Amino acid sequence: MTTTPPATPSEEPMRALLAASDLLKALASPVRLGIVRELSDGEKYVHELVAALGVSQPLVSQHLRVLRTSRIVTAHRQAREIRYGLTDDHVAHIVLDAIRHAQE
């Protein structure tokens with residue numbers, strides 16, 4: 001396992017910009033934005049996201065995988081189903097603000 005050496009003071013701003021860029025790339029899909037918007041109200045099952053977004057279950061699952069890999073969404077198993085939720089509310093604010101801005 002390799003580890004990243006500590007950032008020098010001059011590298012730190014670039015690391016923050018790269019991390020922000022990765023976050024925005026993970027959100028760069030209407031379906032993923034919709035998932036985050038729906039999860040801003042609380043945890044949901046996949047079938048609830050499918051109904052709210054009007055897209056297929058495989059498509060929702062594919063986008064949830066991207067959001068989980070980016071650590072935007074978490075998953076909690078409850079019996080035979082999995083509930084998805086946001087890791088924190090910061091991303092929801094970004095998405096909801098972007099949606100509002102686009103509607104102006």
Side-chain angles (χ1 to χ4, degrees):
M1 181 169 122
T2 61
T3 58
T4 304
T8 63
S10 63
E11 293 173 333
E12 196 58 42
M14 185 54 70
R15 283 190 182 194
L17 293 173
L18 289 170
S21 175
D22 289 343
L23 170 67
L24 293 173
K25 286 176 192 173
L27 294 171
S29 160
V31 173
R32 291 193 289 270
L33 290 174
I35 290 171
V36 172
R37 182 191 62 202
E38 292 302 316
L39 296 178
S40 70
D41 293 332
E43 291 186 345
K44 294 195 173 36
Y45 294 107
V46 172
H47 66 86
E48 293 173 307
L49 294 170
V50 167
L53 298 171
V55 296
S56 70
Q57 183 273 323
L59 185 60
V60 170
S61 293
Q62 177 184 358
H63 286 288
L64 282 168
R65 189 174 326 113
V66 172
L67 294 170
R68 285 183 69 190
T69 301
S70 300
R71 291 182 267 161
I72 295 169
V73 169
T74 59
H76 302 88
R77 181 168 295 282
Q78 291 187 335
R80 295 187 334 174
E81 291 190 281
I82 299 175
R83 287 184 65 83
Y84 292 90
L86 296 175
T87 303
D88 64 53
D89 291 334
H90 291 101
V91 174
H93 292 295
I94 293 167
V95 168
L96 295 174
D97 286 347
I99 293 169
R100 277 189 223 106
H101 179 74
Q103 292 172 334
E104 292 178 351

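Every value quoted in this text rests on a predicted model; they were computed, and no experiment measured them. Reckoned from all heavy atoms, side chains included, excluding hydrogens, waters and symmetry mates.
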Taking [Y] as the starting point, is it possible to reach [X] by hopping between hydrophobic residues whose side chains are less than 4.5 Å apart?
X: Leu24; Y: Leu86; value: no
X: Ile82; Y: Leu39; value: yes
X: Leu23; Y: Leu33; value: yes
X: Ile94; Y: Val36; value: yes
X: Leu18; Y: Leu27; value: no

Are the side chains of [X] and [Y] in touch, meaning some heavy atoms are under 4.5 Å apart?
X: Lys25; Y: Ser21; result: yes
X: Glu43; Y: His76; result: yes
X: Tyr84; Y: Thr74; result: no
X: Asp89; Y: His93; result: yes
X: Asp88; Y: Ile72; result: no
X: Arg83; Y: Glu48; result: yes
X: Leu59; Y: His63; result: yes

For Val55, run the side chain to side chain contact (heavy atoms under 4.5 Å, CB included) check against Leu49, Val50, Ile35, Val60 and tell me which one passes.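 For Val55, the side chain to side chain contact (heavy atoms under 4.5 Å, CB included) test succeeds with only one of Leu49, Val50, Ile35, Val60, which is Val60.
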For [X] and [Y], work out which heavy atoms get closest and say how close.
X: Asp97; Y: Arg100; value: OD1-NH1, 2.7 Å
X: Leu96; Y: Ser40; value: CD1-OG, 3.9 Å
X: Ala26; Y: Leu67; value: O-CD2, 3.9 Å

Ring pair (Phe, Tyr, Trp, His ring centres under 6.0 Å) with His47: which residues, sequence neighbours excluded?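 By the ring pair (Phe, Tyr, Trp, His ring centres under 6.0 Å) rule, His47 matches Tyr45.
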Taking side chain to side chain donor-acceptor pair (under 3.5 Å) as the test, write out the residues that go with Ser61, two or more places apart.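 Ser61: side chain to side chain donor-acceptor pair (under 3.5 Å) contacts with Gln57.
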Closer than 3.5 angstrom, by distance alone: can the side chain of Thr87 be matched with the main-chain N or O of Arg71 as a donor-acceptor pair?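 Checked: pair present.
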Taking the side chain from Lys44 and the backbone from Gly85, do they hold a donor-acceptor pair closer than 3.5 Å?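 A pair under 3.5 Å: no.
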What's the separation between atom OG1 in Thr69 and atom CG in Asp22, rounded to the nearest 0.5 Å?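 If we round to the nearest 0.5 Å, Thr69:OG1 and Asp22:CG are 12.5 Å apart.
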Excluding sequence neighbours, so at least two apart, what forms side-chain contact (heavy atoms from CB on, under 4.5 Å) with His101?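 Expected list: Glu104.
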Step by step, work out the side-chain contact (heavy atoms from CB on, under 4.5 Å) result for Leu53 and Arg37. CA-CA 10 Å; Leu53 298 171; Arg37 182 191 62 202; 4.0 Å; yes
